[in-house]
Amino acid sequence: MASQDWFEKDFYATLGVAEDADAATIKREYRKLARKLHPDQNPGDEAAEQRFKEIGEAYAVLSDAEQRKQYDAIRQMAHGGARFAPGAGGNGGFEDVFSNLFTGGGAGGPGMRFTTSGGPGGGQPDMEDLLRMFGGGGGQSPFGQGYGAYGAPTGPRPGADVEATVTIGFPEAVRGDTVTLTAADGERITTRIPAGVKDGQRIRLRGKGGLGDPQAPRGDLFLNVTVTPHEVFGRDGDNLTVEVPVTFAEAALGATIKVPTLGGDLVGVRLGAGTQSGQRLRVKGRGIATRSATGDLIVTVHVVVPQRLTDEARAAVEVLAAEDDETDVRADLRARAARA
């Protein structure tokens, strides 16, 4: 819900975006700042914690289309978009402005009139009266929609949905993890990240978002997950991938090699004689276990050619080269290139 301090706050400047920024830009800049200013990244830094709360408040307003519309309207009035000078009759101020705005006439014209709730004698208008004109208060709104607006059901306004970002390691993404988040108001929220979560995946936590009016449900928390890459393992769907070097002799003659798994143990993988560099081998059931299925471990073989040979090894390779002298391994390549 809007508040009177919207007159004094520049949420666009807080997030470092232009006033005409689209929703994707606002979301991107908020996530960037949230990662930088998160209290877990800045323990004991009160200034960073305060900035974290400020960007959370700014994003909560600018990410909500209806609240952003109200905020922009209020900013326009606060910065000269509407003038609050007295009218010809001297009674002036908000009544003249809103009479013109909603009736198309002067202060004495027919139609709706705006009055203040500042008590006897007028005084400054109450912000809640002002916000009702934009559907954000509790009375009738000329815009016709919203909680408590004209033609819409009255009732408590639910809390806003909130976006947050969490970064976890590759092993934690595969096995699942428990994380604790700190909200803009200092509330700490602990939740479980499911096993097999993917980089960039969005998780919805119902009832963990912003607070609404009394008796109203909370909004939802949308958690955007970033997974840091692993030094050895990769991912292809629910399969884990790993690249394994083998010697020329192992590839040529065949061998059983030991391949590491994400859990730290080794699994035996059989290479057939004549295994080629780049060939992929599958180890069943050693991939990512999710609720629906368990993936495999995909092993990609890379044949390592020795850079230095002993005299005996060189002699053996020369014998092999003589045996292969009649074999042209590039004949098919040249034929396909000629046809292209």
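Remember, it's a predicted structure, so these values are computed and weren't measured experimentally.
Using a 4.5 Å cut-off on side-chain heavy atoms (C-beta onward), Asn239 and Leu297 make no contact. Side-chain atoms of Arg68 and Asp72, non-hydrogen and from C-beta on, do get closer than 4.5 Å to each other. Put simply, the side chain of Leu221 does not reach to within 4.5 Å of the side chain of Ile203, judged on heavy atoms. Taking the side chain as every heavy atom from C-beta outward, Val227 and Val225 approach each other to under 4.5 Å.
The side chain to side chain contact (heavy atoms under 4.5 Å, CB included) test applied to Thr25 returns Val17, Ala21, Asp22, Arg28, Glu29, not counting sequence neighbours. Here Asp10 pairs with Arg75 under the salt bridge (charged side-chain N to carboxylate O under 4.0 Å, His left out) rule; sequence neighbours left out. A search for side chain to side chain contact (heavy atoms under 4.5 Å, CB included) contacts involving Arg218 returns Glu187, Leu211, not counting sequence neighbours. The salt bridge (charged side-chain N to carboxylate O under 4.0 Å, His left out) test applied to Asp238 returns Arg235, not counting sequence neighbours. For Asp161, there are no side chain to side chain donor-acceptor pair (under 3.5 Å) partners, not counting sequence neighbours. Listed by chain and number, the residues in a salt bridge (charged side-chain N to carboxylate O under 4.0 Å, His left out) with Glu250 amount to none (sequence neighbours excluded). In terms of the side chain to side chain contact (heavy atoms under 4.5 Å, CB included) criterion, residue partners of Thr165 (sequence neighbours excluded) are, by chain and number, Arg31, Arg35, Asn224, Thr226. Legend: residues meeting side chain to side chain donor-acceptor pair (under 3.5 Å) with Arg51, ordered by chain and number and at least two apart, are absent.
Sequence neighbours left out, the pairs with a member in residues 16-41 that pass ring-ring contact (aromatic ring centres under 6.0 Å, His included) are Tyr30-Tyr59, His38-Phe52. Sequence neighbours left out, the pairs with a member in residues 233-259 that pass ring-ring contact (aromatic ring centres under 6.0 Å, His included) are His230-Phe233.
Checked by atom type, the side-chain pair Thr180/Arg188 shows no donor-acceptor distance below 3.5 Å.
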Please set out all donor-acceptor pairs under 3.5 angstrom arising from side-chain atoms of residues 329-340, sequence neighbours excluded.
unit_1: Asp332; atom_1: OD2; unit_2: Arg336; atom_2: NE; d: 2.8
unit_1: Arg334; atom_1: NH2; unit_2: Asp328; atom_2: OD2; d: 2.3

Would you be so kind as to tabulate the donor-acceptor pairs closer than 3.5 Å made by side chains of residues 268-276, with sequence neighbours excluded?
unit_1: Arg270; atom_1: NH1; unit_2: Thr256; atom_2: OG1; d: 3.4
unit_1: Thr275; atom_1: OG1; unit_2: Gly272; atom_2: N; d: 3.3
unit_1: Thr275; atom_1: OG1; unit_2: Gly272; atom_2: O; d: 2.6
unit_1: Gln276; atom_1: NE2; unit_2: Gly274; atom_2: O; d: 2.9

Passes side-chain contact (heavy atoms from CB on, under 4.5 Å), Phe11 versus Leu15? Steps please.
CA-CA 6 Å; Phe11 292 146; Leu15 295 181; 5.9 Å; no

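Taking a cutoff of 4.0 Å between a charged side-chain nitrogen and a carboxylate oxygen, Arg282 and Asp296 qualify as a salt bridge. The pair Glu54-Lys9 fails the salt-bridge criterion, with no side-chain N (NZ, NE, NH1 or NH2) lying under 4.0 Å from an Asp/Glu carboxylate O.
Once rounded to the nearest 0.5 Å, the distance linking CG of Asp64 with CG of Leu62 reads 10.0 Å.
Scanning all heavy atoms of the two residues, the minimum distance from Ala34 to Ile55 falls at N-CD1, 3.6 Å. Contact between Gly176 and Arg192 at its shortest, heavy atoms only, is C-NH2, 3.5 Å.
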